[in-house]
Amino acid sequence: MNEDMRADIERILLTEEEIQEKVTALGRQITQDYKGKNLMLVSVLKGSIAFMADLMRAIDLPLKIDFLSVSSYGASTSSSGTVEIRKDLDIDLHGVDLLIVEDILDSGRTLHKIIQLLKERGTASIKIACLLDKPERRVVPLSADYTCFDIPDRFVVGYGLDYDQHYRNLPYIGVLKPEVYEK
Ligand code: IMP
Ligand code: MG
């Protein structure tokens with residue numbers, strides 16, 4: 001990567017303002033939909049931390065949060081299909097209305113596996129909230145219940161999303177220059 005990480009960005013796809021506006025609106029929608037329910041947000045580390053932090057503050061309801069970590073790509077730009085839990089949840093899921101908070105739905109393999117695992121734990125319901133969706137890339141038939149943005153099939157970084165653990169701290173979402181990962 002370049003000394004100046006912004007120089008590795010081909011173009012800004014979503015600005016900070018665009019992201020904030022959508023996430024706030026989604027928080028409002030979830031506030032309506034989950035009134036009287038037993039809401040728990042589960043975020044899949046690490047890509048969804050920025051989305052989780054903003055989304056939970058946009059939801060005006062009592063809720064719990066927890067984190068799950070699964071094996072990732074390493075220095076690659078597509079997922080392998082084998083998903084292993086690296087850090088499990090701390091909180092019991094019995095009777096919980098679970099909302100999985102994910103950064104991006106790509107092939108769908110990761111979320112599909114996570115849902116299979118969590119379904120066995122006595123949840124009242126499970127739904128998915130995704131910041132980004134690349135519908136063209138889907139391999140496993142799966143769709144999010146809430147999506148902030150559909151995006152084209154380009155590798156993006158920022159607002160939590162990484163390439164080889166970098167760029168997560170960019171405040172916007174940008175398309176990574178292919179020469180960064182094609183080297
Ligand atoms: P899937 O199993 O192919 O759906 O992969 C989903 C995971 O891949 C996401 O949670 C991200 O961590 C990662 N991912 C997919 N596309 C991108 C991207 O464009 N930029 C950064 N990470 C990505
Ligand atoms: Mg991820």
Side-chain angles (χ1 to χ4, degrees), residues 1-2 5-16 18-19 22-23 26 41-56 65-89 98-119 126-183:
M1 74 176 270
N2 205 293
M5 62 175 173
R6 292 179 193 252
D8 291 340
I9 304 303
E10 185 179 287
R11 68 189 165 96
I12 295 176
L13 192 64
L14 301 164
T15 65
E16 283 185 74
E18 287 170 320
I19 297 168
K22 276 280 169 133
V23 173
L26 176 57
L41 306 179
V42 164
S43 147
V44 185
L45 292 171
K46 306 170 203 168
S48 54
I49 56 149
F51 180 38
M52 176 71 145
D54 287 338
L55 181 62
M56 70 177 188
I65 67 166
D66 204 350
F67 297 89
L68 185 72
S69 177
V70 296
S71 53
S72 68
Y73 293 5
S76 153
T77 57
S78 64
S79 73
S80 61
T82 38
V83 174
E84 264 175 70
I85 292 193
R86 290 230 185 108
K87 184 229 165 276
D88 208 334
L89 301 175
L98 188 69
L99 186 59
I100 299 177
V101 176
E102 247 292 44
D103 52 358
I104 182 164
L105 195 48
D106 189 40
S107 73
R109 289 184 177 116
T110 311
L111 264 190
H112 178 72
K113 283 281 162 71
I114 289 172
I115 288 167
Q116 279 184 327
L117 291 165
L118 299 184
K119 253 194 340 214
I126 302 186
K127 286 194 175 179
I128 303 169
C130 259
L131 178 70
L132 307 175
D133 191 349
K134 289 183 190 166
E136 289 168 58
R137 298 259 304 174
R138 203 74 86 255
V139 174
V140 176
L142 184 73
S143 57
D145 301 278
Y146 304 99
T147 306
C148 290
F149 303 96
D150 279 346
I151 63 164
D153 180 13
R154 300 298 310 274
F155 198 79
V156 294
V157 294
Y159 193 69
L161 289 130
D162 74 308
Y163 170 66
D164 203 12
Q165 300 302 333
H166 283 99
Y167 311 99
R168 295 194 198 275
N169 56 322
L170 285 171
Y172 51 75
I173 291 171
V175 175
L176 190 62
K177 288 181 180 166
E179 65 241 41
V180 176
Y181 52 85
E182 279 167 0
K183 280 196 286 243

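What you see is a predicted model, and the numbers here were worked out from it, not measured in a lab. Read the numbers this way: they start at 1 and go in the same order the structure lists the ligands and their atoms. Just so it is clear, the values below take in all heavy atoms, side chains as well, and ignore hydrogens, waters and symmetry mates.
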Q. Judged by non-hydrogen atoms, does Arg154 sit under 4.0 Å from ligand 1?
A. yes
A student checking ligand 1 against Lys134 at a 4.0 Å heavy-atom cut-off should list atoms 16 (N), 17 (C), 18 (C), 19 (O)
* To do: Could you tell me whether ligand 1 has any atom less than 4.0 Å away from a heavy atom of Val157?
  => no
Quick note on ligand 1: atoms under 4.0 Å from a heavy atom of Ser107 include exactly 1 (P), 2 (O), 3 (O), 4 (O)
| query | Asp162: heavy atom below 4.0 Å from ligand 1, yes or no? | reply | yes
In this structure, does ligand 1 have an atom that sits under 4.0 Å from one of the heavy atoms of Arg138? no
Note: ligand 1 atoms sitting under 4.0 Å from heavy atoms of Arg109 are 2 (O), 4 (O)
For Asp103, the atoms of ligand 1 under 4.0 Å from one of its heavy atoms are 9 (C), 10 (O), 11 (C), 12 (O)
Side chains of Phe51 and Val23: closer than 4.5 Å at any heavy-atom pair? yes
Note: Leu161, heavy atoms under 4.0 Å from ligand 1, region reported as side chain
Taking only non-hydrogen atoms of Thr110 and a 4.0 Å limit, the atoms of ligand 1 in range are 1 (P), 2 (O), 5 (O), 6 (C)
- Message: Under 3.5 Å, is there a donor on one side chain and an acceptor on the other for Tyr159 and Asp54?
- Response: yes
Original post:
Heavy atoms, side chains only, cut-off 4.5 Å: are Leu99 and Tyr146 in contact?
Top reply: yes
Under 4.0 Å from one or more heavy atoms of Glu102, ligand 1 contributes atoms 10 (O)
Close approach of Gly108 to ligand 1, heavy atoms, under 4.0 angstrom: yes
Exercise. Looking at side-chain heavy atoms only, is the closest gap between Leu161 and Leu170 below 4.5 Å?
Worked result: no
Counting heavy atoms not belonging to Glu84, are there more than 12 under 6.0 Å from its CD? no
Quick one: are Arg138 and Leu105 in side-chain contact, heavy atoms under 4.5 Å? yes
Would you call the rings of Tyr163 and Tyr181 parallel, tilted or perpendicular, taking 30° and 60° as the class edges? tilted
**Q.** Non-hydrogen side-chain atoms of Asp88 and Leu68 separated by less than 4.5 Å
**A.** yes
